[in-house]
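Below is one structure, written out as structure tokens; the observations come after it.
Within every chain, numbering begins at 1; the chains are lettered A, B, ... in the order of the sequence lines, protein sequences first and strands thereafter.
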Amino acid sequence: MAHESEDGYVPSAVEEKWQRTWEERGTNTFTREQLENAKDPFYNLMMFPYPSAEGLHVGNIYAFTGADVHGRYQRLLGKTVFEPIGFDAFGIHSENFALKVGTHPMDLIPSNVKNFTRQLRRIGGMFDWDHVVDTTDPSYYKWTQWVFLQLFNAGLAERKEAPVNWCPSCMTVLANEQVIGGECERCGTAVEQRRIAQWFFRITDYSQRLLDNLERLDWSDTTKKAQSNWIGRSTGAQLHFPVVDRDGNETGTSVEVYTTRPDTVFGATYMVLSPEHPLVEKVTDDGLRAPVYAYMDTAGKKDLVARQKTDKTKTGVPTGGFCRNPATGELIPIWIADYVLMEYGTGAIMAVPGHDTRDFEFAQAFDLPIVRVVAGSDDDAETPLEEAYVGPGRLVNSGQFDDTDVKESVEKVTAWIAESGWGDAKVNFRLHDWCISRQRYWGPPIPVIYCEACGPVGVPEDQLPVVLPRVEDFKPDDSGISPLARVEEWYKTECPTCGAEARRETDVSDTFLDSGWYFIRYPSADFDDCPFDEAITKKWLPVDTYIGGNEHAVLHLLYSRFLTMVLKDLGHLDFEEPYNVFRAHGLIIADGAKMSKSKGNVIVPDPIIEEFGADTFRTYLMFLGPFEEGGDYRPQGIQGPFGFLHRLWDTVVSAGDGHADPDVERKVHQTIEQVTEQLANLGYNTSIAAMMECLNTIRSGGRAASRAEVEPLVVMIAPFAPHMAEELWERLGHEGSVFDGGNWPEFDPAKAVENTVAIAIQVNGKLRATITAAADASEESVVGEARAEDNVVRHLEDKTERRVIYVPGRLVNFVVS
RNA sequence: GCCGGGGUGGCGGAACGGUAGACGCGGCGGCCUCAAAAGCCGCUGUCCGAAAGGGCAUGCGGGUUCGAUUCCCGCCCCCGGCACCA
């Protein structure tokens, strides 16, 4: 049931007409020449969707609409706006769904893409359908493989054995991002750890640069913060503690540790190695091998996840070995414990139980000595510690550093350590190298060939793409090996270097590699002889505004920054930051929770669009809350924007000639000022409110409007209700699209000034009256008038006036006592 | 525990340190109608008061200020992310 009013506004007809017209006229699409010669180019990017079988839900539409409004606004300002869209269609998600329904992904994806395309057209997005990118198309992933080869040839891709997340129920490897709180995102089974040889990108080589550049990016603060936390820079020192034998003689080996508190080194009373640490074997006393190996064995079976699940209860065993604390000269025992992670720092720590909560717990559990080396203001050096003390204070029991303030001590102690030659200052990052291998089927094959003689060889560029073969049995199994390894005729090949019999890499790459560079491909999507054209890339990149979900703050956004830096360093690009501006949109909340399939609160947009039209739906979504914060989706709420658009239509189609009324014109110009400013900052809800207010003024008292009054409103509503705006623009007698020619109304400050203003009159800050005064009235006359108000007189009686505060055009405040 | 973001009417939300609650939803009353829907008009934070007017109100407690939703200090609660990172 569609709402059609008698005023002639039939949303479905108007929308159908303009979607057809845009397509026929090529309003939103560009030819290669147009892209090359565009004036004032503006690249408006949004995160391309994964084309699920369910289609886009209201949350997705919300994100795309908000980004589309921004693009349309920029275009109305006169810019040439390129707004591409594509499909991120590879990955475990699609593959799992394909397995579930028993349809091959190669058959499934095209029909999903078709459905997404229909929805995205229906909602009225300003997409350039001539530059669509589909990551599963060999003409795209040919260049994804090319990107891999750039890193491979530059030594930034390396193959090494590493632990991966293994879901024993799904029998597959999972990406870190598919592990939620230690469990498989899909089935909730606890994830195990396995060691498999993987390809890694050396993103850690770029840690400092990725961090430093953040400062000059115009991104949402939350996103920048999340990213810098993820990179996790910390400063401290790396020290080596010599390993000693039974008699206290140095053995020539030492344990390297990283600490952020080198100043507490005098309090290091034992050492802890991660169970995986290479030195464990060496330092373990013969008599203790059995328990040590047993512990390594249990710890090895637990992954990071299971280790966390132990409620942080500390476990560990002594190795029987000892180090000398180079600061105190004392012998301290070496333990192994799984609270020390091989992945961070050196995989070993000096334990300072007095001043580290974890070490304190461990020392208590195993009765290890706890020494105080920092004293707070109320403590003395001998006060026994009941918990780790991490506050401010001065060093104690620390030799020549006694009484040094902790704040200064880090630097001083580090300098002393460096002089003494057993360590130095060191910066550490928590960022790890990016594992891009997936032992799955549905992804681009990693373009590497293994040859007995030549080792891993990159597939030569002229042999790309390495096409993913159609395999009917693509189910993963417990072997930890990709299903492609079952396809002998595919993986058997010749070494490109020596021609000997060789074997293809059978893993595919992470979907984040697909999405790591798609924005570079878009403008060059129609080039098949290169990943991106030099001139067009120079013209259009980097991206002007990127709008998307904050869930990608540390994944996609970090990876694509890294790849852009690499491509720049290799001479392929002349910029190193891909997105000048990034804004994270908020989330749509339904029934008190984020809209998601698992919560069962997903709202399907199609019937709503059917009933109210895309324009009303778009306007409602943008009105329900601040775009960057999201808001509650309430079905009733759509009535407001629905009525507003209908009234706007009525007003415009029945508007007469004639001049604008000065009072109305003032309101219109105030609205232009407000909306222009707010739209630039994605203030969509308040912009719409301002336009509603303006229309209320135009219509007040049932007066007839003139075209001069309503025309600015037609243009300003266009980003939200593009179809209706086009139709009204045409009916107002204009040729062509409202979006062409920079039709944004110009704000005239002279027309917006009020000649009278309401002045609040306060006594001691409390409102006692309101008066109307001429805008140019003098302070004297305003204060005089204020003083004459009955209610003010009453409150001034029997009081002594101390001061009068006068804020021109706003208020008068009498301060009395 | 750490890092973000928030607590404002019945609800979603507005407010350069300056009349708190714009705009909208819902509710109430009215017009139109045989009736309903749609549309239109008015009212709508709360308490006292016939009214004029006054008191109380932006999570809680302090502070700065002529004036605080806004700035500062100390708490409480909610949402999101990270989490044995040495």
Side-chain angles (χ1 to χ4, degrees), chain A residues 3-7 181 220-226 228-230 232 234 236 257-261 264 272 304 307-308 310-314 337-341 343-352 356-359 361-362 428-432 550-551 553-554 586-587 589 592-594 620 623-626 628-644 646-647 650 683 685-694 696 699 701-702 758-770 790-791 794 802-807 809-816:
Chain A
H3 294 288
E4 300 180 4
S5 55
E6 289 171 27
D7 54 29
S220 304
D221 280 342
T222 55
T223 315
K224 285 209 258 190
K225 197 78 196 165
S228 71
N229 285 349
W230 185 269
S234 74
V257 300
Y258 173 73
T259 177
T260 54
R261 294 291 305 274
T264 61
V272 187
L304 299 176
R307 286 191 186 182
Q308 287 164 25
T310 55
D311 276 344
K312 297 181 182 163
T313 305
K314 300 288 182 288
D338 66 2
Y339 81 92
V340 174
L341 310 173
E343 291 73 26
Y344 186 77
T346 61
I349 60 158
M350 65 173 203
V352 183
D356 179 281
T357 15
R358 295 150 303 179
D359 297 344
E361 273 174 46
F362 191 82
N428 230 316
F429 296 92
R430 67 198 304 177
L431 182 66
H432 294 316
N550 224 2
E551 68 271 19
V554 293
L587 298 176
I589 305 298
K594 176 190 169 179
Y620 169 55
F623 181 64
L624 59 67
E628 292 180 77
E629 286 165 38
D632 274 25
Y633 184 88
R634 289 156 298 119
Q636 270 299 330
I638 199 168
Q639 292 298 341
F642 178 73
F644 165 63
H646 274 256
R647 283 191 293 279
D650 276 353
N685 58 333
T686 46
S687 292
I688 293 167
M691 288 189 268
M692 287 174 165
E693 228 183 297
C694 183
N696 289 345
R699 291 168 60 89
I759 309 264
I761 312 302
Q762 303 179 335
V763 178
N764 280 351
K766 285 203 182 276
L767 184 71
R768 296 304 176 192
T770 307
D790 289 351
N791 204 35
R794 196 174 314 135
R802 300 290 177 195
R803 251 177 104 180
V804 180
I805 310 283
Y806 174 65
V807 182
R810 288 230 170 244
L811 62 70
V812 176
N813 186 15
F814 295 96
V815 184
V816 300

In 5'-to-3' order, the base (B), backbone-only (S) or no-contact (-) status of each nucleotide in nucleotides 47-58 of chain B, using a 4.0 angstrom heavy-atom cut-off, is ------SSSS--
Nucleotide of rA14(B), rG5(B), rU19(B) approaching Ala760(A) most closely (side-chain heavy atoms) | rU19(B)
What integer distance in Å separates Met692(A):CE from rA14(B):P?
-> 14 Å
On RNA chain B, check which nucleotide each of Ser234(A) and Asn685(A) is closest to and give me the residue with the more 5' one.
-> Asn685(A)
Compare the minimum distances between each of rG12(B), rA86(B), rC3(B) and the side chain of Lys225(A), then state the nucleotide with the smallest one.
-> rC3(B)
So, Asn550(A) versus Thr222(A): side-chain donor-acceptor pair below 3.5 Å or not?
-> yes
Describe the nucleic acid contact of Gln762(A) in one word from base, sugar-phosphate, nothing, applying a heavy-atom distance below 4.0 Å.
-> base
Classify the side chain of Lys314(A) and the base of rC84(B) as holding, or not holding, a donor-acceptor pair under 3.5 Å.
-> yes
When all nucleic acid strands are considered with a 4.0 Å heavy-atom cut-off, which category describes Ala758(A): base, sugar-phosphate, or nothing?
-> base
Between rG13(B) and rU58(B) - C1' atom distance, rounded Å = 13 Å
For rC71(B), the Watson-Crick or wobble partner whose two distances fall under 3.5 Å = rG63(B)
Can rG7(B) be described as syn, meaning its chi torsion is within 90° of 0, or is it anti?
-> anti
Find the distance between OG1 (Thr264(A)) and CG (Asp359(A)) and round it off to the nearest 0.5 Å.
-> 9.0 Å
State the CZ-CZ distance between Arg794(A) and Arg768(A), to the nearest 0.5 angstrom.
-> 9.5 Å
Spacing of OG1 belonging to Thr770(A) relative to CG belonging to Asn791(A), to within rounding of 0.5 Å = 10.0 Å
Pick the C1' atom in rC11(B) and in rG7(B), then give their distance to the nearest Å.
-> 15 Å
Between rC79(B) and rG59(B), how far is it from one C1' atom to the other, in whole Å?
-> 15 Å
CE on Met692(A) to OG1 on Thr686(A), rounded to 0.5 Å = 12.0 Å
Is there side-chain contact between Met350(A) and Thr259(A), with heavy atoms separated by less than 4.5 Å?
-> yes
Report yes or no: is the cationic atom of Lys314(A) (NZ for Lys, CZ for Arg) closer than 6.0 Å to the six-membered ring centre of Tyr339(A), at no more than 45° off its axis?
-> yes
Mind checking Phe814(A) for me? I need base, sugar-phosphate or nothing, with any heavy atom below 4.0 Å counting as a touch.
-> nothing
When rounded to the nearest Å, what value does the distance between P atoms of rG10(B) and rU44(B) take?
-> 15 Å
For Asn696(A), answer base if it contacts any base atom (sugar-phosphate contacts may also be present), sugar-phosphate if it contacts only those atoms, and nothing otherwise; contact means non-hydrogen atoms under 4.0 Å.
-> sugar-phosphate
Out of rA14(B), rG4(B), rA86(B), minimum distance to the side chain of Ile349(A) belongs to rA86(B)
Do you know the tightest heavy-atom contact between Asn764(A) and Val815(A)?
-> OD1-CA, 3.4 Å
Rounded to whole angstrom units, what separation is found between the CD1 atom of Ile688(A) and the P atom of rA22(B)?
-> 18 Å
Side-chain contact test, heavy atoms from C-beta onward, threshold under 4.5 Å: evaluate it for Gln762(A) versus Leu811(A) and give yes or no.
-> yes
Pairwise P distance for rC71(B) and rG81(B), with rounding to whole Å | 27 Å
Nucleotide nearest Arg803(A) when distance is taken to its side chain, options rC16(B), rC66(B), rC40(B) = rC66(B)
Taking the side chain of Pro626(A) as its heavy atoms from C-beta onward, which of rC82(B), rA14(B), rA86(B) lies nearest to it?
-> rA14(B)
To the nearest Å, how far apart are Glu628(A) CD and rG13(B) P?
-> 15 Å
By nearest-heavy-atom nucleotide on RNA chain B, the more 5' of Gly765(A) and Thr259(A) is Gly765(A)
What nucleotide among rA86(B), rC25(B), rC3(B) has an atom nearest to a side-chain atom of Arg634(A)?
-> rC25(B)
Nearest whole angstrom, please: distance from the C1' of rC3(B) to the CG of Asn550(A).
-> 13 Å
Looking across every strand, which nucleic acid part, if any, lies under 4.0 Å from Thr770(A) by heavy atom: base, sugar-phosphate, or nothing?
-> base
Can you tell me how far C1' in rG55(B) sits from the matching atom in rC2(B), rounded to whole Å?
-> 45 Å
Quickly work out the Trp230(A) CH2 to rC82(B) P distance and round it to whole Å.
-> 7 Å
Taking any strand in view, what nucleotide pairs with rA38(B) in a Watson-Crick or G-U wobble way, both distances under 3.5 Å?
-> none
Which base, if any, makes a Watson-Crick or G-U wobble pair with rC56(B), both distances under 3.5 Å?
-> rG45(B)
In whole angstrom, give the distance that lies between atom CE of Met691(A) and atom P of rG24(B).
-> 13 Å
May I ask you to evaluate whether Tyr258(A) reaches the phosphate of rA86(B), defined as a side-chain N or O under 4.0 Å from OP1 or OP2?
-> no
How far does the C1' atom of rG17(B) sit from the matching atom of rU64(B), given to the nearest Å?
-> 12 Å
Measure the shortest side-chain to side-chain distance between Phe644(A) and Met691(A) over non-hydrogen atoms and say whether it is less than 4.5 angstrom.
-> yes
Have a look at Asn813(A) and say if it touches a base, only the backbone sugar-phosphate, or nothing, with a 4.0 Å heavy-atom cut-off.
-> base
Using the P atoms only, state how far rG21(B) lies from rC43(B), rounded to an integer number of Å.
-> 14 Å
What is the nucleic acid contact for Ile805(A), judged by heavy atoms within less than 4.0 Å: base, sugar-phosphate only, or nothing?
-> base
Could you tell me which nucleotide pairs with rC2(B) by Watson-Crick or G-U wobble geometry, both distances under 3.5 Å, or answer none if nothing does?
-> rG81(B)
Check whether the side chains of Tyr344(A) and Asn428(A) place a donor and an acceptor atom closer than 3.5 Å, and report yes or no.
-> no
Consider the side chain of Val340(A), meaning its heavy atoms from C-beta on, and name the nucleotide among rC23(B), rG18(B), rA86(B) that approaches it most closely.
-> rA86(B)
Nucleotide rC40(B), atom P - distance to CZ of Phe644(A) in whole Å | 13 Å
Looking at rC84(B), rG12(B), rG5(B), which one has an atom nearest to any side-chain atom of Asp338(A)?
-> rC84(B)
To the nearest Å, how far apart are Asn229(A) CG and rC82(B) C1'?
-> 8 Å
